[in-house]
**Q** 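Pasting a structure here, questions to come.
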Amino acid sequence: MLEELRQKVYDANMELPKRNLVTFTWGNVSGIDRKSGIVIIKPSGVEYEELTPECLVALDLDGNVVEGKLNPSSDTKTHIELYKKFPEIGGIVHTHSSHAVAWAQACRDIPCYGTTHADYFYGDIPCTRELTKEELDEDYEKNTGKVIIETFSDRGLSVTAVPGVICASHGPFSWGKDPAAAVYHSVVLEEVARMALMTEQLNPEASPAPSYLQDKHYMRKHGPNAYYGQK
């Protein structure tokens, strides 16, 4: 089971440079085996050209390395907090993709301006609050996970309906049922961030798409009577 997960996490990590979501080593993908509680994640600072499945690091949900000789991603604690809180998450991606980061640096939610966004994210993509200096000094990466959890709790959001977030002054995290789905949502998040930025450049007074249109597009793909695609 872990070897299969290891390959899936490796394949997902290798999708990031293919999709132009990472520069140098600015990104990581993890996946979890829910039966064993083992997380597999990219090692810290390893170039994608040098990455192999064997390089990946396996940890338990307490952050203890159970397999691997390299240091895990510096974002590991963020991933672990999300896995512990949300059992529906099976894979997580973090990148510094430029358009999503622009919104994060502006400390703004990404508005749902149209149907492309609504097809995958039910409403705006939220931006967290800034971490306090105390939270940063205490445990930056762990508290990044906690502020994501806080954002979803305070806003009553579902991680299934909204499979991504942007962390203020930092960048995007996305997730899905497995590592491949998490990468898919990361690609969509970056693209709708780009579209939203262009929308505001063309019309600074642009308004979000009507709620009924957003509902229609999300529900036709993900609702109980979804009819998009093939059965």
Side-chain angles (χ1 to χ4, degrees), residues 12-30 41-48 51 73-79 81-82 89 91-114 116-121 123-133 135-136 139-152 155 157 159 162-176 179 181-204 206 208:
N13 270 286
M14 298 309 291
E15 278 293 305
L16 298 186
K18 289 180 184 178
R19 301 290 181 176
N20 296 316
L21 290 178
V22 296
T23 302
F24 300 123
T25 61
W26 305 351
N28 47 73
V29 183
S30 71
I41 195 166
K42 180 182 180 291
S44 180
V46 173
E47 298 284 350
Y48 284 90
L51 193 65
S73 166
S74 58
D75 298 300
T76 295
K77 289 183 179 180
T78 306
H79 290 235
E81 287 301 307
L82 297 177
I89 292 178
I92 297 171
V93 175
H94 174 52
T95 75
H96 288 253
S97 58
S98 56
H99 295 90
V101 166
W103 288 91
Q105 292 179 169
C107 297
R108 287 186 57 192
D109 295 356
I110 303 174
C112 183
Y113 283 127
T116 308
H117 181 136
D119 278 340
Y120 299 96
F121 290 85
D124 297 350
I125 297 170
C127 182
T128 69
R129 64 170 174 83
E130 296 274 15
L131 291 177
T132 66
K133 187 177 187 303
E135 288 170 326
L136 188 148
D139 196 324
Y140 173 47
E141 291 81 12
K142 182 175 182 178
N143 285 329
T144 296
K146 287 186 175 297
V147 80
I148 295 171
I149 293 167
E150 172 193 294
T151 300
F152 274 70
R155 302 197 193 191
L157 299 175
V159 292
V162 184
V165 68
I166 50 176
C167 293
S169 303
H170 186 179
F173 284 82
S174 62
W175 46 78
V183 171
Y184 191 98
H185 292 139
S186 186
V187 173
V188 174
L189 194 158
E190 171 61 12
E191 186 62 15
V192 299
R194 184 179 74 90
M195 291 176 175
L197 178 60
M198 294 169 67
T199 299
E200 294 198 358
Q201 288 173 335
L202 287 166
N203 180 6

**Q** Is there a side-chain contact between V188 and H117 (heavy atoms, below 4.5 Å)?
**A**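 V188 does not reach H117 side chain to side chain.
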**Q** Go through the structure and list residues passing ring pair (Phe, Tyr, Trp, His ring centres under 6.0 Å) with Y184, not counting sequence neighbours.
**A**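 In terms of ring pair (Phe, Tyr, Trp, His ring centres under 6.0 Å), with neighbours along the sequence ignored, Y184 is linked to Y120.
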**Q** What distance do I149 atom CD1 and E81 atom CD have between them, rounded to the nearest 0.5 Å?
**A**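 It is 5.5 Å, given to the nearest 0.5 Å.
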**Q** Quick one: does P43's side chain get under 4.5 Å of L51's, heavy atoms only?
**A**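 Yes. Closest side-chain heavy atoms under 4.5 Å.
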**Q** So S30 and H79, do their side chains get closer than 4.5 Å, heavy atoms only?
**A**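 In short, these two side chains touch, coming nearer than 4.5 Å.
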**Q** So which heavy atom on P172 is nearest to which on L189, and how close?
**A**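 Taking P172 first and L189 second, the nearest heavy atoms are CB-CD2, 4.0 Å.
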**Q** Are W175 and V159 side-chain neighbours, meaning at least one heavy-atom pair lies under 4.5 Å?
**A**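 The answer is yes, as the side chains (C-beta and beyond) meet within the 4.5 Å cut-off.
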**Q** Once rounded to the nearest 0.5 Å, what's the spacing between atom CZ of R194 and atom OG1 of T116?
**A**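 Here the rounded value is 10.5 Å.
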**Q** Output yes when a side-chain donor or acceptor of W103 lies under 3.5 Å from a complementary backbone atom of A193, and no otherwise.
**A**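 Here the side-chain-to-backbone pair exists.
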**Q** Quick check for you: to the nearest 0.5 Å, what is the distance between I41 atom CD1 and S44 atom OG?
**A**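 Result: 9.5 Å between the selected atoms.
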**Q** State plainly whether the residues K142 and E135 are in salt-bridge range, i.e. N to O under 4.0 Å.
**A**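 No, no charged N to carboxylate O under 4.0 Å.
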**Q** Might you work through the side chain to side chain contact (heavy atoms under 4.5 Å, CB included) test for T25 and E47, ending with a clear yes or no?
**A** CA-CA 6 Å; T25 61; E47 298 284 350; 3.9 Å; yes
**Q** How close do F152 and P126 get, heavy atom to heavy atom, and via which atoms?
**A**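 So the two residues come closest at CE1-CG, 4.0 Å.
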**Q** Could I get the full list of ring pair (Phe, Tyr, Trp, His ring centres under 6.0 Å) partners for H94, not counting sequence neighbours?
**A**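 Partners of H94 by the ring pair (Phe, Tyr, Trp, His ring centres under 6.0 Å) criterion, ordered by chain and then number, come out as H96, H170, F173.
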**Q** Closer than 4.0 angstrom, basic N to acidic O: yes or no for E150 and R155?
**A**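 Salt bridge flag = no for R155 with E150.
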**Q** For side chain to side chain contact (heavy atoms under 4.5 Å, CB included), just list the numbers for L16 and V29, CA-CA rounded to whole Å, side-chain angles, deciding distance to a tenth of an Å, and then say yes or no.
**A** CA-CA 9 Å; L16 298 186; V29 183; 3.7 Å; yes
**Q** Run the side chain to side chain contact (heavy atoms under 4.5 Å, CB included) test on R108 and E200 for me, step by step, so that the C-alpha distance in whole Å, both residues' side-chain angles and the decisive distance to 0.1 Å come before the verdict.
**A** CA-CA 13 Å; R108 287 186 57 192; E200 294 198 358; 2.7 Å; yes
**Q** What closest approach, in Å, do D124 and P111 show between heavy atoms, and which atom pair accounts for it?
**A**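 Minimum heavy-atom contact is OD1-CA, 3.3 Å.
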**Q** For side chain to side chain contact (heavy atoms under 4.5 Å, CB included), just list the numbers for V192 and I125, CA-CA rounded to whole Å, side-chain angles, deciding distance to a tenth of an Å, and then say yes or no.
**A** CA-CA 10 Å; V192 299; I125 297 170; 3.8 Å; yes
**Q** Return the CG to CD1 distance between L82 and I92, rounded to the nearest 0.5 Å.
**A**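 Here the rounded value is 4.5 Å.
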**Q** Within this structure, what is the OG1-CG distance for the pair T128 and N143, rounded to the nearest 0.5 Å?
**A**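 It comes to 11.5 Å.
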**Q** Given 3.5 Å as the limit, does a donor-acceptor pair link the side chain of S186 with the main chain of A182, or not?
**A**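 No; judged by distance alone, with no hydrogens or angles, the pair does not exist.
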**Q** Calculate, to the nearest 0.5 Å, the distance between atoms CZ and CD1 belonging to R129 and I148 respectively.
**A**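 That separation rounds to 11.5 Å.
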**Q** Report yes or no: is the cationic atom of K42 (NZ for Lys, CZ for Arg) under 6.0 Å from the centre of the six-membered ring of Y48, at an angle within 45° of the ring normal?
**A**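 Relative to the ring axis of Y48, which defines the angle, K42 lies inside both limits.
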**Q** Are the side chain of T78 and the backbone N or O of T144 linked by a donor-acceptor pair below 3.5 Å?
**A**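 It does not hold such a pair.
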**Q** For residues E141 and S74, is any side-chain donor paired with an opposing acceptor at under 3.5 Å?
**A**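 No, S74 and E141 have no side-chain donor paired with an acceptor closer than 3.5 Å.
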**Q** If we ignore hydrogens and angles and just use 3.5 Å, is the side chain of E190 paired with the main-chain N or O of A100 as donor and acceptor?
**A**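 Between the backbone of A100 and the side chain of E190 there is a qualifying donor-acceptor contact (under 3.5 Å).
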**Q** Which heavy-atom pair separates G171 from V101 by the least distance, and what is that distance?
**A**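 So the two residues come closest at CA-CG2, 4.0 Å.
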**Q** What is the minimum heavy-atom distance between V147 and T151, and which atoms define it?
**A**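 What the structure gives for the nearest pair is O-OG1, 2.8 Å.
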**Q** Work out which heavy atom in A12 is nearest to a heavy atom in V183; give both atom names and the distance.
**A**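 Scanning both residues, the minimum pair turns out to be O-CG2, 3.5 Å.
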